[in-house]
**Student:** 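The following block contains the structure, expressed as structure tokens.
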Amino acid sequence: MSSSNIRPFVQGANILILEKNDKLYGMTFARGMLSDYNSALLLIGEQSETGKQLEIGDEISVSCLAAGQGDIASLFGEKHTSEINKFADMTMFTKFADRLVIKNAAKLTLMKIRDIKFINVGTKDKLVICDIIKFRKNKFGELIYEKEIE
């Protein structure tokens, strides 16, 4: 079986936004999970410019995209923040507890980074351990899934 056919888990599309040093960083990531009711684990690829900015103590927002938001997943996932202005169209954003999030996303979470571990899974990715500050589930339909953004 080729690796392109192996899909044992359903992965959605999440947008991570970091506001740091008067600059906005944003990226798409798929691999995140709760480790308990108050914390989450995010796997961030080593190539990510946004991921390289993450440090212990940073507060981030995560928007779990809803079905129909595949264009946003592509915008935040296809190029680095230094290559395009992912924040040019501010109409796609709103504020949640004074943090920038994606408007009409299915779920919104604010987190504070507690720890960062480097793991070698063929690449040197980051396992970002976060405390959940605030969470809201919106009523904008189902979550986006891989098939919508492939």
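Please read these numbers as outputs of a predicted model, since none were measured by experiment.
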**Student:** When rounded to the nearest 0.5 angstrom, what distance separates CD1 in I60 from CD1 in I15?
**Tutor:** 12.5 Å
**Student:** Can a salt bridge be assigned to the pair D131 and R114 using a cut-off of 4.0 Å between side-chain N and carboxylate O?
**Tutor:** yes
**Student:** Is there a donor-acceptor contact under 3.5 Å from the side chain of E49 to the main chain of S82?
**Tutor:** yes
**Student:** How close do A73 and A13 get, counting heavy atoms only, and between which atoms?
**Tutor:** CB-CB, 3.9 Å
**Student:** Within a 6.0 Å radius of atom CG on N21, are there more than 12 heavy atoms belonging to other residues, nucleotides or ligands?
**Tutor:** no
**Student:** A side-chain contact here means heavy atoms from C-beta on lying under 4.5 Å apart; do L54 and V128 qualify?
**Tutor:** yes
**Student:** With the side chain counted from C-beta on, respond yes when Q69 and N104 share a heavy-atom pair under 4.5 Å apart, and no when they do not.
**Tutor:** yes
**Student:** Of the non-hydrogen atoms in L42 and C130, which two are nearest, and what is the gap between them?
**Tutor:** CD1-SG, 4.0 Å
**Student:** Would the distance check show the side chain of T50 and the main-chain N or O of G26 forming a donor-acceptor pair, the cut-off being under 3.5 Å?
**Tutor:** yes
**Student:** Out of curiosity, S61 OG to L108 CG, how far, rounded to the nearest 0.5 Å?
**Tutor:** 8.0 Å
**Student:** Contact between L127 and I44 at the side-chain level, heavy atoms closer than 4.5 Å - yes or no?
**Tutor:** no
**Student:** Pairing donors with acceptors under 3.5 angstrom, does anything connect the side chains of S74 and D71?
**Tutor:** no
**Student:** Taking Y25's backbone N and O only, do any of them form a donor-acceptor pair with Q53's side chain (distance below 3.5 Å, no angle check)?
**Tutor:** no
**Student:** Looking at every non-hydrogen atom in both residues, tell me the closest pair between G57 and K112 and how far apart they are.
**Tutor:** O-CE, 3.5 Å
**Student:** Among the clusters formed by ILVMFWY side chains lying less than 4.5 Å apart, do I113 and L18 turn up in the same one?
**Tutor:** yes
**Student:** Between F87 and F76, is the gap from one ring center to the other below 6.0 Å?
**Tutor:** yes
**Student:** Would you mind reporting whether I102 and I72 have side-chain heavy atoms less than 4.5 Å apart?
**Tutor:** yes
**Student:** Does a side-chain N-to-carboxylate-O contact under 4.0 Å join K20 and D58?
**Tutor:** yes
**Student:** Any donor and acceptor pair, going by atom type alone, linking the side chain of K103 with main-chain N or O of K95 inside 3.5 Å?
**Tutor:** no
**Student:** With a 4.5 Å limit on heavy-atom distance, are the side chains of L100 and M90 in contact?
**Tutor:** yes
**Student:** Within this structure, what is the CG-NZ distance for the pair N138 and K107, rounded to the nearest 0.5 Å?
**Tutor:** 10.5 Å
**Student:** Measuring from I17:CD1 to L24:CG, what's the distance to the nearest 0.5 Å?
**Tutor:** 7.5 Å
**Student:** Is a donor on one side and an acceptor on the other found under 3.5 Å between the side chain of D125 and the backbone of E46?
**Tutor:** yes
**Student:** For a quick test of reading the model, state the closest non-hydrogen atom pair linking G51 to K126 and the distance between them.
**Tutor:** O-NZ, 2.6 Å
**Student:** Any side-chain heavy atom of K86 within less than 4.5 Å of one from T81?
**Tutor:** yes
**Student:** Please report the interatomic distance CD1(I129) to CG(D115), rounded to the nearest 0.5 Å.
**Tutor:** 4.5 Å
**Student:** If you compare all heavy atoms of Y37 against all heavy atoms of I132, which two are closest, and at what distance to 0.1 Å?
**Tutor:** O-CD1, 4.2 Å
**Student:** Do the non-hydrogen side-chain atoms of L75 and I84 ever get within less than 4.5 Å of each other?
**Tutor:** yes
**Student:** Quick check for you: to the nearest 0.5 Å, what is the distance between L16 atom CG and M111 atom CE?
**Tutor:** 8.0 Å
**Student:** Using a strict cut-off of less than 4.0 Å between a Lys/Arg side-chain nitrogen and an Asp/Glu carboxylate oxygen, indicate whether R99 and E59 qualify as a salt bridge.
**Tutor:** yes
**Student:** Find out if a path of hydrophobic residues (ILVMFWY) with successive side-chain heavy-atom gaps under 4.5 Å connects M92 to F96.
**Tutor:** no
**Student:** Of the non-hydrogen atoms in C64 and N14, which two are nearest, and what is the gap between them?
**Tutor:** SG-OD1, 3.1 Å
**Student:** Tell me if a side-chain donor or acceptor on D36 pairs with a main-chain N or O of N38 at a distance below 3.5 Å.
**Tutor:** yes
